[in-house]
Amino acid sequence: MAIRYEFIKQDKQTGARLGIVHTPHGSFETPTFMPVGTLATVKTMSPEELTELNANIILSNTYHLWLRPGHEIIREAGGLHKFMNWDGAILTDSGGFQVFSLSDLRDIQEEGVHFRNHISGEKLFLSPEKAMDIQNALGSDIMMAFDECPPYPATYDYMKASVERTSRWAERCLTAHARPDVQGLFGIVQGGEFEDLRKQSAQDLVSMDFPGYAVGGLSVGEPKDVMNRVLEFTTPWLPQDKPRYLMGVGSPDSLIDGAIRGIDMFDCVLPTRIARNGTCMTSKGRLVVRNAQYARDFGPIDENCDCKVCKNYSRAYIRHLIKCNETFGFRLTTYHNLHFLIELMRKVREAIKEDRLGDFRDEFFESYGFNKP
Ligand SMILES: CO[C@@H]1O[C@H](CNc2nc3cc4c(=O)[nH]c(N)nc4cc3[nH]2)[C@H]2OC(C)(C)O[C@@H]12
Ligand SMILES: [Zn+2]
């Protein structure tokens with residue numbers, strides 16, 4: 001079996017679950033946060049540092065690797081694990097979202113999507129079969145079905161037609177899947193904020209019996225209360241014995257609120273992206289370390305953090321590096337932000353074990369400043 005989910009327990013205070021996902025490249029406890037490595041690298045981090053951070057699964061991307069360096073090169077290299085020297089688990093997104101978020105001149109047909117390469121401008125075509133061929137070449141442990149992530153907001157009629165096409169595309173992905181023995185394929189639930197369409201999408205995909213399910217079409221600009229409401233009426237339609245993955249979600253409050261609503265896996269570019277402009281996540285909220293107020297601050301980014309960055313480097317030093325555009329500065333803020341989110345998910349799992357995730361949420365939100373009006 002490529003991917004197997006082991007349900008361990010549900011938190012008594014909330015809908016959060018403790019589980020383990022087993023993959024051909026190792027097992028990991030859930031809920032978990034997955035660092036994003038779009039171009040076969042989690043920007044500025046080495047595989048050894050990712051292991052040191054206890055990152056056991058990372059993301060990469062069909063669309064981006066198809067364009068550069070080309071999936072055939074990665075196939076010849078022996079697959080993505082070998083190419084990037086990463087022996088943990090890898091999940092690849094299918095390109096569905098990237099085509100819609102990065103490219104213009106999109107023409108969506110039943111067969112697939114015609115669009116323009118966002119780098120060279122050349123015309124390209126991506127279909128369920130092509131997306132599966134690329135992911136088969138990459139050899140990721142978890143592959144995503146090729147779907148449409150509709151723009152937010154979208155009309156009911158547009159969303160209904162899109163959900164029905166995404167379900168037909170999911171069927172085609174299952175047919176085109178070459179290695180179900182070593183690669184797990186997740187279906188992606190769509191439907192926007194329409195409860196009946198989310199139910200229809202989930203039921204369509206569950207009837208195809210995927211080894212795992214993603215909730216797509218969120219973190220696309222909708223307010224957080226809309227995301228939370230959509231999760232509340234979507235996750236109950238997903239099987240308890242399969243992993244649930246909320247795509248593109250990464251702020252600390254959304255991770256906790258997603259876990260509370262039954263989500264097991266999360267990914268987002270947020271921690272690594274904001275690190276590269278000198279913004280850090282801390283137990284007291286965001287800290288923009290490049291700001292002048294930290295020029296003579298010789299304390300750590302976060303005095304409640306035990307990461308090697310907070311143990312060995314000061315805000316003043318990191319601010320200096322960032323201001324001088326020194327790569328090492330971005331490595332320090334990235335390492336700390338990834339540690340912060342990975343450590344946050346460890347605390348969430350601990351709270352589930354002790355049936356107190358609701359209390360943990362209140363304490364964390366208070367400290368981080370989310371409850372401030
Ligand atoms: C907060 O970071 C911004 O928000 C985007 C992440 N939000 C997101 N929602 C997603 C939905 C889907 C989906 O429905 N289907 C497939 N296949 N993949 C998806 C990937 C997704 N990622 C980041 O993407 C950009 C770079 C636009 O800004 C970031
Ligand atoms: Zn730290």
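One is the number of the first residue; the rest follow in order along the sequence.
Side chains of Phe370 and Arg361 form no contact here, defined as non-hydrogen atoms less than 4.5 Å apart. Residues Leu287 and Asp302 form no side-chain contact, since every pair of their non-hydrogen atoms from C-beta on lies 4.5 Å or further apart. Between Phe210 and Ile188, the closest side-chain pair of non-hydrogen atoms is not below 4.5 Å. Contact check for Ile90 versus Gln183: no side-chain heavy atoms found under the 4.5 Å cut-off.
To the nearest 0.5 Å, atoms CG (Leu344) and NE2 (His339) are separated by 10.5 Å. For the atom pair Cys280 SG and Ile322 CD1, the distance stands at 7.0 Å (nearest 0.5 Å). Put simply, OG1 on Thr235 and CZ on Arg198 are 11.0 Å apart, with the number rounded to the nearest 0.5 Å. Annotation: the span from Asn325 atom CG to Arg276 atom CZ amounts to 12.0 Å, rounded to 0.5 Å. Distance check, rounded to the nearest 0.5 Å: CD1 of Ile73 to CZ of Arg68 gives 12.5 Å.
Between the side chain of Asp87 and the backbone N or O of Pro47 there is no donor-acceptor pair closer than 3.5 Å. At least one donor-acceptor pair under 3.5 Å links the side chain of His336 to the backbone N or O of Met281. With hydrogens and angles disregarded, no donor-acceptor distance shorter than 3.5 Å links the side chain of Glu148 to the backbone of Ser162.
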Pair Gln98, His118 - check side-chain contact (heavy atoms from CB on, under 4.5 Å), show working. CA-CA 10 Å; Gln98 287 68 38; His118 76 291; over 6 Å; no
Starting from the C-alpha separation in whole Å, work towards a yes-or-no answer on salt bridge (Lys or Arg N to Asp or Glu O under 4.0 Å) for Arg346 and Glu350. CA-CA 6 Å; Arg346 188 192 60 73; Glu350 198 175 281; 2.8 Å; yes
Begin with the C-alpha distance, continue with both residues' side-chain angles, and end with the deciding distance and a verdict on salt bridge (Lys or Arg N to Asp or Glu O under 4.0 Å) for Asp257 and Arg261. CA-CA 6 Å; Asp257 280 341; Arg261 290 163 177 82; 3.8 Å; yes
Could you go through Lys9 and Asp355, starting from their C-alpha distance and side-chain angles, then the distance that decides it, and tell me whether this counts as salt bridge (Lys or Arg N to Asp or Glu O under 4.0 Å)? CA-CA 10 Å; Lys9 70 165 289 208; Asp355 294 315; 2.7 Å; yes
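For residues 123-134, the pairs satisfying salt bridge (Lys or Arg N to Asp or Glu O under 4.0 Å) are Arg75-Asp133, Glu129-Arg172, with sequence neighbours left out.
A cation-pi contact, defined as under 6.0 Å to the ring centre and within 45° of the axis, links Lys308 to Tyr335.
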Return a table of donor-acceptor pairs under 3.5 angstrom between the side chains of residues 29-45 and protein atoms on other chains or two or more places apart.
| residue | atom | partner | partner atom | Å |
| --- | --- | --- | --- | --- |
| Glu29 | OE1 | Arg349 | NE | 3.3 |
| Thr30 | OG1 | Gly19 | N | 3.4 |
| Thr30 | OG1 | Gly19 | O | 3.3 |

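Aromatic ring pairs are classed by plane angle as parallel below 30°, tilted from 30° to 60° and perpendicular above 60°; the pair Phe7 and Tyr5 is tilted. Below 30°, between 30° and 60°, or above 60°: for Tyr368 and Phe340 the angle between ring planes is between 30° and 60°, a tilted geometry.
Thr155 and Asp157 share no donor-acceptor pair across their side chains, judged by distance under 3.5 Å alone. For the residue pair Gln190 / Thr166, no side-chain donor-acceptor distance below 3.5 Å is found, with atom types taken as modelled. Judged purely by distance below 3.5 Å, without hydrogens or angles, the side chains of Tyr317 and Asn312 never pair a donor atom with an acceptor atom.
Atom NZ of Lys12 has 12 or fewer neighbouring heavy atoms from other residues, nucleotides or ligands inside a 6.0 Å radius.
A distance below 6.0 Å separates the ring centres of Tyr313 and Phe328.
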